[in-house]
Amino acid sequence: MGIRFGLCCIFRDEPIKFRTTTASYVLKMDRSDGLLKISDLCKTNASSLQEALQYCHKNDINNFRVSSNILPLKTHPVLGYNVEDLPDGENIINLFKGAGEYAKSKNIRTSFHPSQFVVLNSQKPQVVVQSLQEIEYQAEVAEWINADVVNVHGGGAYGDKIKALSDFSHAVDRLSERARSKLTIENDDKTYTPSDVLPLCKDLGIPLVYDVHHHRCNKDGISIEQATQAALATWNREPMFHISSPIEGWSGKKQNSHHDFINIEDFPECWLDLNITVEVEAKAKEVAILQLMAQYATIKRTVGTTGLAACPDVRPAFSGLLVGAETHL
DNA sequence: AGCGGTCAAGTTGAT
DNA sequence: ATCAACTTGACCGCT
């Protein structure tokens, strides 16, 4: 119960690394050497995933987002491959399934977030094909590790958001059930607000990953409280939201750039008592999560017993409670 | 061992 | 027209 905090992809201080390669390097090798190298990286990454999950469990971080590069070059137009066809491919799959069993046994949720190149409503058919492939790949790994979220953005607007969202919906129809059942959509910082995508979420039965930082950058007239409630209603499983803070504060210029840490002032008060996953998009990674979790615990301990959370203007009140917690790292 | 150039991919908005 | 920003800087060849 309470909030499940999520770490995104990598670590800052903890020596757990995921590896990748470049297409230009692999293309210089002959095919079998290339596949051997990729197989090696996949195996290393499966082990790193296991270590990452163990670290998360030990530190009470109960959600981990898996990097899109966990299987390097998986859907590259020339170098793309089936894992079954890699040297030691069965073993790679079993390593992932083992990590999935571990995650399940420790109640660690896992998730995916395909990169900016995945655009389901692109006006270029080949981009849509590549995007579908990428989502299918991540859904396959998701199945191995028991992940229940593959989260994408709405894509481009192309001057007509309504048409673009309709194109998005047609592309979703082309996904397998395995991929579609995990698909979620997130409001973004430039184009699609929560209000833009909520109708689509309802129509398609796709949950909204509500990113409150993006909502603050890309407003639509509804409040954080309203967006939170509407987003909660789209979920048929534990809701997932995103939090981050602007690198130079809200008075700075680059409001959509992420800070190293989360400013507790940016944490929506109306999330405090929800049972949700909050993925923490902060450059200091696990260090930022540990700090945020300590602050959250302090607020819950203090506010939770006095009922202050119900008070409309609790913000200044709980800032004062955090003097000790903020500096403890 | 450390450094700099490079890396598959899309779209938008700031400069 | 170029560039940074977005989910995450890491890899590789050279010194």
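All figures in this text were calculated on a predicted structure; none of them were measured in a lab. In the text below, chain A, chain B and the rest are named by the order of the sequence lines, each starting its count at 1.
Within the 4.0 angstrom heavy-atom criterion, no nucleotide atom of any strand lies near A/His242. Nucleic acid contact class of A/His214 (heavy atoms, under 4.0 Å, all strands): sugar-phosphate only.
Taking atom P on both nucleotides, C/dC3 is separated from B/dT6 by 13 Å, rounded to a whole Å. Across C/dG9 and C/dA5, the matching P atoms stand 11 Å from one another, rounded to whole Å. When the C1' atom is used for both C/dT8 and B/dC7, the distance is 14 Å, rounded to whole Å. Between the P atoms of C/dA4 and B/dG5, the separation comes to 14 Å (whole Å). Between C/dG13 and B/dA8, the distance separating the two P atoms is 13 Å to the nearest Å.
Using a 4.5 Å cut-off on side-chain heavy atoms (C-beta onward), A/Leu274 and A/Leu232 make contact.
Listed in residue order, the members of residues 5-22 of chain A having a heavy atom less than 4.0 Å from DNA chain C are A/Ile10, A/Arg19, A/Thr20, A/Thr21. Contacts between residues 27-44 of chain A and DNA chain B, defined by a heavy-atom separation under 4.0 Å, are absent. Contacts of residues 54-81 of chain A with DNA chain C (heavy atom under 4.0 Å): A/Arg65, A/Asn69. Listed by residue number, the members of residues 174-184 of chain A with any heavy atom below 4.0 angstrom from DNA chain B form an empty set.
Taking the centre and axis of the six-membered ring of A/Tyr81, the NZ or CZ atom of A/Lys74 falls inside the cone set by 45° and 6.0 Å.
Comparing B/dA8, B/dG10, C/dT8 against the side chain of A/Glu281 picks out C/dT8 as the nearest.
Under 4.0 Å is where a charged nitrogen must lie from a carboxylate oxygen, and between A/Lys300 and A/Asp273 at least one such pair does. Using a cut-off of 4.0 Å between Lys/Arg side-chain N and Asp/Glu carboxylate O, A/Arg65 and A/Glu281 are scored as salt-bridged. Between A/Arg178 and A/Glu143, at least one side-chain N (NZ, or NE/NH1/NH2) sits under 4.0 Å from a carboxylate O, which counts as a salt bridge.
Here B/dG10 presents its P atom at 7 Å from CZ of A/Phe117, a figure rounded to the nearest Å. For the pair A/Tyr25 OH and B/dC7 P, the interatomic distance rounds to 15 Å; values are reported in whole Å. Counting to the nearest Å, the P atom of B/dT11 and the CG atom of A/Asn218 are 18 Å from each other. To the nearest angstrom, C1' of C/dA4 lies 11 Å from NZ of A/Lys283. Separating the CD atom of A/Gln130 from the C1' atom of B/dA8 is a distance of 9 Å, rounded to the nearest angstrom. Atom CD of A/Glu248 is separated from atom C1' of C/dA5 by 13 Å (rounded to the nearest Å). A/Asp160 places its CG atom 15 Å from the P atom of B/dT11, with the value rounded to the nearest Å. Across the protein-nucleic acid pair, A/His259 atom NE2 and C/dC6 atom C1' stand 18 Å apart, rounded to whole Å.
Partners of A/Trp271 under the side chain to side chain donor-acceptor pair (under 3.5 Å) rule, at least two apart in sequence or in another chain, are A/Thr228. Taking the side chain to side chain donor-acceptor pair (under 3.5 Å) definition, one finds that A/Ser251 meets it with nothing, sequence neighbours left out. Residues satisfying the ring pair (Phe, Tyr, Trp, His ring centres under 6.0 Å) test with A/Phe5, not counting sequence neighbours, are A/Tyr296. Qualifying side-chain contact (heavy atoms from CB on, under 4.5 Å) partners for A/Ala227, counting only residues two or more places apart in sequence or in other chains: A/Pro194, A/Tyr210, A/His215, A/Ile222. By the salt bridge (Lys or Arg N to Asp or Glu O under 4.0 Å) test, A/Asp148 pairs with A/Arg109, A/Arg237, sequence neighbours left out.
Summarising the geometry, atom CZ belonging to A/Phe11 is positioned 9.0 Å from atom CD1 belonging to A/Ile289; distances are rounded to the nearest 0.5 Å. In this structure, CG on A/Asn63 lies 11.5 Å from CD1 on A/Ile276, to the nearest 0.5 angstrom. From A/Tyr137, atom OH reaches atom CG of A/Leu132 across 16.0 Å, with rounding to the nearest 0.5 Å. Here the straight-line distance linking atom CG of A/Leu175 with atom OG of A/Ser131 works out to 10.0 Å at 0.5 Å rounding.
For the residue pair A/Glu134 / A/Gln138, a side-chain donor-acceptor distance below 3.5 Å is found, with atom types taken as modelled. A/Thr75 and A/Gln133 share no donor-acceptor pair across their side chains, judged by distance under 3.5 Å alone. No side-chain donor-acceptor contact under 3.5 Å links A/Asn263 and A/Ser245.
The stretch residues 35-58 of chain A participates, sequence neighbours left out, in these side chain to side chain donor-acceptor pair (under 3.5 Å) pairs: A/Lys43-A/Asp88.
In terms of phosphate contacts, A/Lys124 brings no side-chain nitrogen or oxygen within less than 4.0 Å of OP1 or OP2 of B/dA9. One finds a side-chain N or O of A/Lys285 lying less than 4.0 angstrom from the OP1 or OP2 phosphate oxygen of C/dT8. Residue A/Ser24 places no side-chain N or O under 4.0 Å from the OP1 or OP2 atom of C/dC12.
For the pair A/His213 (side chain) and A/Gln255 (backbone), a donor-acceptor distance under 3.5 Å is present.
Between A/His258 and A/Val26, the residue anchored closer to the 5' end of DNA chain C is A/His258, taking for each the nucleotide with the nearest heavy atom.
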For DNA chain C, the expected dot-bracket line (Watson-Crick or G-U under 3.5 Å, [ ] crossing, | inter-strand) is ||||||..|||||||
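In summary, the aromatic rings of A/His113 and A/His153 are positioned with their centroids under 6.0 Å apart.
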Every protein N/O lying under 3.5 Å from an N/O of nucleotides 12-14 of chain B:
from: B/dT12; atom 1: OP1; to: A/Ala157; atom 2: N; distance (Å): 2.8
from: B/dT12; atom 1: OP1; to: A/Tyr158; atom 2: N; distance (Å): 3.2

